[in-house]
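Read through the structure below, which is laid out as structure tokens, and then see the notes.
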Amino acid sequence: MGTMSLPSVPARKQQLLLCLAVLLLAGAASAQAQKHNAVFNFGDSITDTGNLCTSGKPTEITFTQPPYGETYFGTPTCRCSDGRVIVDFLSTKFGVPFLPPSKANGTDFKQGANMAITGATAMDAPFFRGLGLSDKIWNNGPISFQIQWFQQITATVCGNDCIRYLRDSLVVFGEFGGNDYNAMLFGNYNPDQASRYTTKIVNTIIRGVEKVVAMGARDVVVPGVLPIGCFPIYLTVYGTNSSADYDSLGCLRKFNDLSTFHNNLLQAKIARLRKRYGRAARIMYADFYSAVYDMVQNPSKYGFNAVFEACCGSGGGKYNYANSARCGMQGAAACANPADHLSWDGIHLTEAAYKQITDGWLNGPYCSPPILHS
């Protein structure tokens, strides 16, 4: 084998300059790929930005009353938080306005829309009727309806050229499943019984993802469900005197096991979608569970002083939650600094928590792969 001579100094300089140029071009291409022309969101109360209130702000719904919205907007906006929610932070990141509710008439949806509506489920109403749980579903906005709203909107903004338009958009599909389990768990089903329907719920979510991809979506974020066993509402309603029912942090084991079971199955189904679509679509799993659980486990890392106590309400006790004294009801008040708390009203999170979760979705580690890719 002959000896290999090193390139001359000028030649090596040219090679370095060429490599630098390639890296700069790659970086520019990546940055360009992140400039989504629109953001479209599906889901429930975690990301609803006003669909339930498009015909007004019904006073019987607590989150249309102060102190909801106090942190950022200064007034209730039909968001179930003290301020912004995840999709608000995503919209800001990609330079589009806060997403208008899809049910708002006469609205420009060119830069995106929000199909999420409080109370939404993955499954349609007949599923719950079959389980004897019709009274637990108070709002009919399941995945099938939200996809119809999406189809109506895209018909107006991109007409016959939606494949190209949606290729440059970001679609967040969920969280779905939380209210399906809420209906069962507050309808006398235990977590083990509810888990028998997880496959149906997850399959419905996956079919929804397939539909938006078929319409042209290429960057799709699919969130899992949250660790419900760490939430004040569940800790209050289903708390026991047995330490065996709790994990080392103080969360209810069986309820978190249900969330984990759902998320594991959802991730497995997403992995199959990735194999099927290859480079034709980028399907991202957003890990709500790990993000929130890490906040419970390491509150000081995120600036929280309280993770189990709801900031807003008048329930008192360890969790400050009572169904008859919820945030927005007469006599209820918010804590002095919501940013100190993980939980806003015992059911939903604070703006501060949603900001932290969004950062974890954009850059990792709580989205696989991260939304911002290189």
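Just so it is clear, the structure is predicted and the values come from calculations on it, not from any experiment.
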CA sep, side-chain torsions, deciding dist, call: Phe176, Phe173, ring pair (Phe, Tyr, Trp, His ring centres under 6.0 Å): CA-CA 8 Å; Phe176 284 112; Phe173 199 83; 5.4 Å; yes
Using a strict cut-off of less than 4.0 Å between a Lys/Arg side-chain nitrogen and an Asp/Glu carboxylate oxygen, indicate whether Glu210 and Arg276 qualify as a salt bridge. yes
Heavy-atom closest pair, residues Ala183 and Lys136: O-CG, 3.7 Å
Side-chain donor-acceptor pair under 3.5 Å between Asn114 and Asn41, yes or no? yes
Quick one: pull up CG in Leu99 and CG in Leu90 and give me the separation to the nearest 0.5 Å. 8.5 Å
Stepwise side-chain contact (heavy atoms from CB on, under 4.5 Å) test for Gln356 and Tyr366: CA-CA 10 Å; Gln356 298 280 2; Tyr366 300 121; over 6 Å; no
Would a distance-only check, ignoring hydrogens and angles, find a side-chain to backbone donor-acceptor pair under 3.5 Å from Gln65 to Thr62? no
Ion pair Arg253/Asp257, N-O distance below 4.0 Å: no
Does some side-chain heavy atom of Val221 sit less than 4.5 Å from a side-chain heavy atom of Ile283? no
Straight-line distance of Thr236 OG1 to Ile233 CD1, nearest 0.5 Å: 8.0 Å
Taking atom types as modelled, is there a side-chain donor on Lys269 or Asn203 under 3.5 Å from an acceptor on the other? yes
So how far is it from Gln151 CD to Ile153 CD1, rounded to the nearest 0.5 Å? 11.0 Å
Please confirm whether Phe288 and Trp361 have ring centers closer than 6.0 angstrom. yes
Is the CG atom of Asn105 crowded by more than 12 outside heavy atoms at less than 6.0 Å? no
Would you call Met295 and Ser343 a side-chain contact if the rule is heavy atoms closer than 4.5 Å? no
Closer than 3.5 angstrom, by distance alone: can the side chain of Asn179 be matched with the main-chain N or O of Asn182 as a donor-acceptor pair? no
Taking Leu52 as the starting point, is it possible to reach Met329 by hopping between hydrophobic residues whose side chains are less than 4.5 Å apart? no
Counterpart residues, side chain to side chain contact (heavy atoms under 4.5 Å, CB included), relative to Asp108 (two or more places apart): Lys110
Can you name the one residue among Thr198, Asp180, Thr199 that meets side chain to side chain contact (heavy atoms under 4.5 Å, CB included) with His262? Thr198
Just so I know, are the side chains of Cys80 and Ile347 near enough to count as touching, which here means a heavy-atom distance under 4.5 Å? no
Taking the six-membered ring for Trp and the single ring otherwise, decide whether the centroids of Phe150 and Phe40 are under 6.0 Å apart. yes
Search all heavy atoms of Ala310 against all heavy atoms of Pro232 and return the closest pair with its distance. N-CG, 4.2 Å
Under the 3.5 angstrom rule, does the side chain of Thr107 hit a backbone N or O of Phe109 as a donor-acceptor pair? no
Name all pairs fulfilling the side-chain hydrogen bond (donor to acceptor under 3.5 Å, both in side chains) condition that reach into residues 152-162, sequence neighbours left out, sorted by first residue then second. none
Can you confirm whether the side chains of Tyr302 and Asp294 place a donor and an acceptor under 3.5 Å from each other? yes
Leu185 and Tyr234: which non-hydrogen atoms are nearest, and at how many Å? CD1-OH, 3.4 Å
Taking the side chain as everything from C-beta on, heavy atoms only, tell me whether Pro97 gets closer than 4.5 Å to Ser91. no
If every non-hydrogen atom of Arg84 is compared with every non-hydrogen atom of Tyr354, which pair is closest and at what distance? O-CD1, 3.7 Å
Apply side-chain contact (heavy atoms from CB on, under 4.5 Å) to Phe94 and Asn37, showing your working. CA-CA 8 Å; Phe94 293 113; Asn37 62 0; over 6 Å; no
Kindly indicate whether the side chain of Phe231, heavy atoms from C-beta on, has any atom under 4.5 Å from the side chain of Leu349. yes
With no hydrogens and no angle check, just 3.5 Å: does a side-chain donor-acceptor pair link Thr350 and Asp82? no
Within the side chain of Asp44, is there an N or O that forms a donor-acceptor pair under 3.5 Å with the backbone of Gly119? no
Quiz question: by atom type and distance under 3.5 Å, do the side chains of Tyr181 and Ser259 form a donor-acceptor pair? no
Could you tell me whether Asp88 and Arg79 have a side-chain N and a carboxylate O separated by less than 4.0 Å? yes
Can you find a heavy atom in the side chain of Asp245 that is under 4.5 Å from one in the side chain of Tyr238? no
State whether the side chain of Arg218 and the backbone N or O of Ser169 hold a donor-acceptor pair below 3.5 Å, judged by distance alone. no
As an exercise, state the distance from NZ of Lys301 to CD of Gln297, rounded to the nearest 0.5 Å. 9.0 Å
Note, Glu351 side chain near Tyr72 side chain (heavy atom, < 4.5 Å): yes
Establish whether Phe261 and Met184 are linked, either directly or via other cluster members, by ILVMFWY side-chain heavy-atom contacts under 4.5 Å. no
Membership question, hydrophobic clusters at under 4.5 Å side-chain separation (ILVMFWY): are Val157 and Ile163 in the same one? no
For Tyr293, run the side chain to side chain donor-acceptor pair (under 3.5 Å) check against Asp247, Asn256, Thr260, Asp287 and tell me which one passes. Asp247
Shared hydrophobic cluster for Ile270 and Ile143 (ILVMFWY, side-chain gaps under 4.5 Å): yes
Sub-6.0 Å ring centroid separation between Phe128 and Tyr197: no
How long is the span from the SG atom in Cys230 to the OH atom in Tyr289, to the nearest 0.5 Å? 6.0 Å
Evaluate Val296 against Leu342 for side-chain contact (heavy atoms from CB on, under 4.5 Å), listing each step before the verdict. CA-CA 8 Å; Val296 174; Leu342 171 62; 3.7 Å; yes
What is the distance from atom CZ of Phe42 to atom CD of Gln146, rounded to the nearest 0.5 Å? 7.0 Å
Worked verdict on Asp48 versus Asn51 for side-chain hydrogen bond (donor to acceptor under 3.5 Å, both in side chains): CA-CA 6 Å; Asp48 185 359; Asn51 263 322; 4.7 Å; no
Nearest non-hydrogen partners of Pro101 and Thr54, listed with the distance: CB-CG2, 3.8 Å
Shortest non-hydrogen pair, Ala339 vs Ala352, comes out as CA-CB, 3.8 Å
Hey, are the side chains of Tyr321 and Asp345 touching, using non-hydrogen atoms and a 4.5 Å cut-off? no
What's the verdict on side-chain contact (heavy atoms from CB on, under 4.5 Å) for Tyr68 and Cys327, showing C-alpha distance, side-chain angles and the deciding distance? CA-CA 8 Å; Tyr68 282 90; Cys327 184; 3.5 Å; yes
In one Ile/Leu/Val/Met/Phe/Trp/Tyr side-chain cluster, 4.5 Å: Val96, Phe98: no
Could you walk me through whether Cys312 and Cys335 pass disulfide (SG to SG under 2.5 Å), step by step? CA-CA 6 Å; Cys312 183; Cys335 59; over 6 Å; no
